[in-house]
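Nothing here was measured: the structure is a model prediction, and the numbers come from that model. The chains referred to below are lettered A, B, ... by the order of the sequence lines, with proteins before strands, and numbering in each begins at 1.
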Amino acid sequence: MKRRLLLLSFTLLFLLTSLTGCWSKRELDEIAIATGLGLDKTENGYKFTVQIINPAEVAAKTISTRTAVTTYTSEGRSLFEALRGLTDKAPRKVYLSHIRKVVFGEELARDGISETLDFLTRDHEFRTDFHIAVAKGMEAHDLLTILTPMEKIPANKMYFSMQTSSEYWAPSLIIKIQQLISTILEDGKEPVISGVYNVGDIKRGSNLSNVEDVGAPTDVRVDSLGVFKGDQLIGWMDQLQSTSYNYIMGNVKNTAEYFECKDKEGSITLEVMEASSNKTVTIKDGEPHFNVEVSVEGNIADVECQIDLMKLDTIKQLEKHFSEQLSILFNDTVSDVQEDFKSDVFGFGDLIHRTKPKYWRTIKDGWEEQFPEVEVTVEATVKINRTGTISNPYEFKKEE
Amino acid sequence: MKKLFRLFTKKENSEQTEHQPTPIDTDLPQNLTYIKNSLGESTDIVIRKFKIGEKRTVKIAVVYTDGLVNESTVHESLLETLMSDVRQTQLSKQALNKGMYYTVRDHVLTAGELDELETLDDVLLHVLSGDTVLFLEGETKALCVSTRGWQDRGVEEPSTQAVVRGPKDGFTETLRTNTALLRRKIKDPNLWITTQAIGTKTKTDVAVVYMNGIANEKIVKEVHKRLNQINIDSLLDSGYVEELIQDETYTPFPTVYNSERPDSIAAGLLEGRVAIIVDGSPFVLLVPALFMQFFQSPEDYYQRSDFATLVRLIRFIAFFLALLTPSAYIALTTYHQEMIPTSLLINLSSQREGVPFPALVEALIMEVTFEILREAGVRLPKAVGSAISIVGALVLGQAAVEAGLVSSAMIIVVSLTAISSFVSPSFNFAISIRMLRFLFMILAATFGLFGILLGLIVLALHLASLRSFGVPYLSPLAPYITSDQKDTILRFPRWGLLTRQRLINQKNIDRENMHKPKPTSRSPKKGDSS
Amino acid sequence: MWVILYGVILSISWIQIRALWKQSLKRDSFFYIFTMGLSLTILILSQLGLPIPNPLDGISIVYDPVHSLFQ
Amino acid sequence: MHGKEEINLRQFLLFLFLFVIGTSILLSPSSLANIAKESAWLSVVVGMMIGVAIILFYLLISIWYPDHNIVDLNRLLFGKWVGTIFTLFFIVFALVSAATVLWTIGHFMVTQMLHETPQPFIHILFMFVVIYGVYLGIETIARTSELLFPYVVLLLTIVFVFSIPSMNLNKIKPFFDIGAQDIVKGAWFDLSISTFPLMVLFMVYPKLVQEKKSVGKKVTIAYILAMLTILAATFITTTVLGVEYTHHHIYPTYVLAKTLNIEGLIQRIEVIIAVSWILTIFFKLSLYFYAAVTALSQVLKVNSYRSLTFPLGIFVIVLSLIVYPSSIYASEWNQTTWIYYSATFGVLYPLLIAIATLIRKLFKRS
């Protein structure tokens, strides 16, 4: 009896599920996979641009004349409204879980991005593994229309070039949403977001002919950092500043560092293999003093001036020279940031909070005004490990 | 179950009332007429009447079934002795005084097995089993000589459960051959065999085989009890017995193990299990059967232990693949696209462009097609079978993709499932996986991974609720028994397998107690100390 | 959808109650019918959009003083 | 067919483990990060220490009364009428707990995985599985727990181990900055979800704890392991996601798994957390439900608790549909009422039993 009852109940249950289920079902050919998302400000709301993959083109084995991606744009008073507004333009439901890149238009970034961040984390379709960037000096919408060579999907191109450059090139930095939100929420810390901008003509970039050229005249670059205060963009760091910022934050993994030779013509380039930074704070007379130690280890990669690398002394001199150069650069950057942006992107306030919580409580409210005045010393130490596969540079006779 | 038993007991009562055995009459012709009438004058029944004795005064009749008896035995040790040898021999008077019946019984018949029968029903049964029955005029008893001997298949290599390494003999349809095969493997007085006939019409011999002292007595008793409760007209294969004695009727999982391999059954007996051999079936049953047993092949014990463990792991993986691949594919592609890596998702979705059916229907079409092909492959004559199924699969698969009916990823999914489902060393276990697969597909199509997970929980609950002859089906995993893990998923080296499973036999745990032979040690001191 | 669900519930109940009745477990079947009736009534009422008192609100009322005490 | 059902000590310990981590592994980090901020992990440690004392107390009671489950105990100590009323309170507690747990799983599925599916149907499907399990009996559930437990551990380990590279200890600095009051508050909240309800377990199976001599040690170890799992979940989520981000999410552990990405090889594995959570919650819900059904069947003196399983299961479904009107109500209720409600049964009630026992002993002596 018991058996039969259970058998029956489960048959009925299966019947129930099979007859009525499938609420959340989306067949693969019913969804439009979005890889890039652009958010812009308009007069009365937001402009929402999605870059959608055309799977048949991406996976196609034959060359066709259609593009691998399509962008759709819609406007709405809120982001969700704009997203739903897409349904009358896009033939399928836009699926956001595979977004690789979210780009804010500069105008929106300057106005503040916190409202959009709410949407980006509240909606369950968004994952957390996409990169965030700001379109430098342009609308996110325009940026997303640029077609890129090699990588058929432009958002992927941005994603991957950022991924590689963050590993091998100091100025760029990957920012993910969870990091961004924590930074905005927590006291004594301001965020930076990497900037994306185009080179070449935008109109040309959105045409398939752009990728048919060997040189691809229009392309996308990812090497600059936008400084935020709270959730508002207030300015851009140049490449050197971005590099220093990453050194100070300990974000650098592997990069190249160019130095002028001391007393001689030419240059030496250091391949940085390891870099770390250590920030400490001491309080003297109720004023915080910050001390940042950046230690850099690397190999000599490229020597373009005549020096004797085989001498231990030379290496020591080089190390000293490099350390000085870097220290100057870093200190300049910190003071520039303090003066120009007045935004604590280095997280000095957070450092006090974490290490000296009691003191932090006393200065917490005035930190914003206090930050530009605090004393920061950055000290860089460079260590050279190897000199590459050859010892001394070749002495080629140069024809005058 | 209870209802089932009730059904049997009812039948038994009605059977008893209508059946009354007919005694053997002193009148020989009357007996013979009765036999002829009972059997409808069947042409394969041979009745030979003649007279014996010095003066040829005693009428005698020999009855046997043509084809079931060993002709030469009947001729040489029965007819010849009776008709010619008896006359030539001088029997002592004392012997003759007792009457011809006793003379024949004690002095004449040279056959090994001899029985006395008192009712005509017994006579019929023995005649139909291949024995030869002698009637003497004026006697109420008949002599039954065992002359069984018929054409049988002979011991061949088993067609299922093939192994690369290991014995290649398989059970046959003849009960005696099968018991002999077991005896040849286990020459121990404790190998006990009891036989009973089941089936009111077929009178099939069913033998219960177990190792006395090793097998759990409770289980042996339970087997006998359940066998005695069977009351059915026919028993054509061990499958009948399996279905009638299993603990749980409504389960897709087999709770009785069957094998064609004497080595596998012998190993089971030595572990303390009970074997049931049914005459006429080369498949011998083994109880209690546990879930883990269906992942174990006899070959595991003939190969090196590390390899055997690896193979068992592969069988587990294949089990889950066979059960879940289509449903996981459906769930991922229709509900959880966020879990598929982007590039793979793009590929999959480009394949699905233009496929008219939802993923579930697509999967069902292909799975059902595969099942049809498989069934056809089994039923078709061997010569065409494999060719047709291969061509069918290739052509159907290829054409279906090209026609845009299914996506090519689905073909991969279905083939992976199909191949995985044949990895299980036990055929009937694979069937249960195949059935459950469809349920999981429906669950996946309605609730995605949540549905699959709930299905798995229900499956686990169901498996945990099963018992095979009192032993929890999932043991030794649940309830977990540490000492039995040595031969469950892992297969320890033989030196680690010196105990028997806990739940199957409670008393006689140790298999053997000896030390591992070490190679002759080079330093004699060390050797001495060990 | 709900109709099918009610169908499932009722058919399962029917089988179970019949089984209980056959074993002449009257007490069991009475409480079966009682609890099932109660559950189904509340279910139907909530389906009809009638406000069902939430037991948690009741518990909250009891514990509110405790909470304010600790606060 | 079914005699007195018994489970062994190992199965009891598994129940204890699964019961403790049941809901808390996914829910606790968020609320703890809200209450105790950077010291959330410290709250769990404090909770663990208090918790050990509490479960040893439960153990003591069940050693006093090995043959009495909660219904017998109530009748024995408080008399027929008062005892029955106490039992009814207990049944309501178990049913309400079951309903809230069921609501939680439904809400989780709807917000995170099955967005468009109506929540009632998830409740119904899940509860049907629970009813099936309870119908098959506690032995079956115990065996199932033995079968599935390795998977729960394996999956959680995968998530935890792969999160280690992205941990940043700076995110939980400053240590000990928060007042002791808030840490204790956090500990209490953690106990209210994980430990106080354990009373249900000890009251329903008092027989088990008699089995072996070292039972106290084993129970303590199992409990500490479970709390360490919660500690790991809290610690890792706060160090990876940061305190603010953690408490802004309802299911931070799930978000944690979402952020995992090990060199592109191991990514998109949040379903692992969902799977292990559904498994643990299945056992927690089954145990609550089993406790309610058996207690009720004992009060009503019916032949077998099985006959009440299905109707009461439907009742739990109905209850789960109305208990929490929204997730805000849920978290509010959990933090303002539940912590006292569960403490009533987790602390006050055992104390009452202890006092009653002492009084009884005194009376007997005199």
Handout entry: Taking every non-hydrogen atom, the tightest pair across D:E146 and B:P479
Key =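 Of all heavy-atom pairs spanning D:E146 and B:P479, the closest is OE1-CA, 3.1 Å.
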Problem - Nearest atoms (heavy-atom pairs only) where B:T342 meets D:R268 - result: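 B:T342 and D:R268 have their closest heavy atoms at OG1-NH2, 3.5 Å.
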Handout entry: Which portion of D:L147 sits near chain B, non-hydrogen atoms under 4.5 angstrom
Key =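 For D:L147, the contact with chain B is made by backbone and side chain together.
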Handout entry: Contact class of D:F126 relative to chain B, heavy atoms under 4.5 angstrom
Key =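 Contact with chain B is through both the backbone and side chain of D:F126.
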Handout entry: D:R10/B:Y480 under side chain to side chain contact (heavy atoms under 4.5 Å, CB included): CA gap, chis, key distance, verdict
Key = CA-CA 9 Å; D:R10 180 206 305 278; B:Y480 181 84; 3.4 Å; yes
Handout entry: Atom group of B:L463 that falls short of 4.5 Å from chain D, counting heavy atoms
Key =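 Looking at B:L463, nothing touches chain D.
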Handout entry: Structural part of B:L449 lying under 4.5 Å from a heavy atom of chain D
Key =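 For B:L449, the side chain is the part near chain D, not the backbone.
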Interatomic spacing from [atom1] in [X] to [atom2] in [Y] - rounded to 0.5 Å:
X      : Y      : atom1 : atom2 : result
D:I272 : B:M339 : CD1   : CE    : 10.0 Å
B:F447 : D:L125 : CZ    : CG    : 5.0 Å
D:M113 : B:E338 : CE    : CD    : 7.0 Å
B:L461 : D:S286 : CG    : OG    : 7.0 Å
D:L148 : B:I457 : CG    : CD1   : 7.0 Å
D:L114 : B:H336 : CG    : NE2   : 5.5 Å

Problem - D:R143 (side chain) donor-acceptor with B:S465 (main chain) under 3.5 angstrom - result: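 Checked: no pair found.
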Problem - Pair D:F282-B:L453, side chain to side chain contact (heavy atoms under 4.5 Å, CB included): steps then yes or no - result: CA-CA 11 Å; D:F282 167 76; B:L453 188 61; over 6 Å; no
Problem - Parallel, tilted or perpendicular: ring planes of D:Y151 versus B:F320, cut at 30 and 60 degrees - result: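 Perpendicular.
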Handout entry: Atom CZ of D:F315: over 12 foreign heavy atoms under 6.0 Å
Key =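 Incorrect, the count does not exceed 12.
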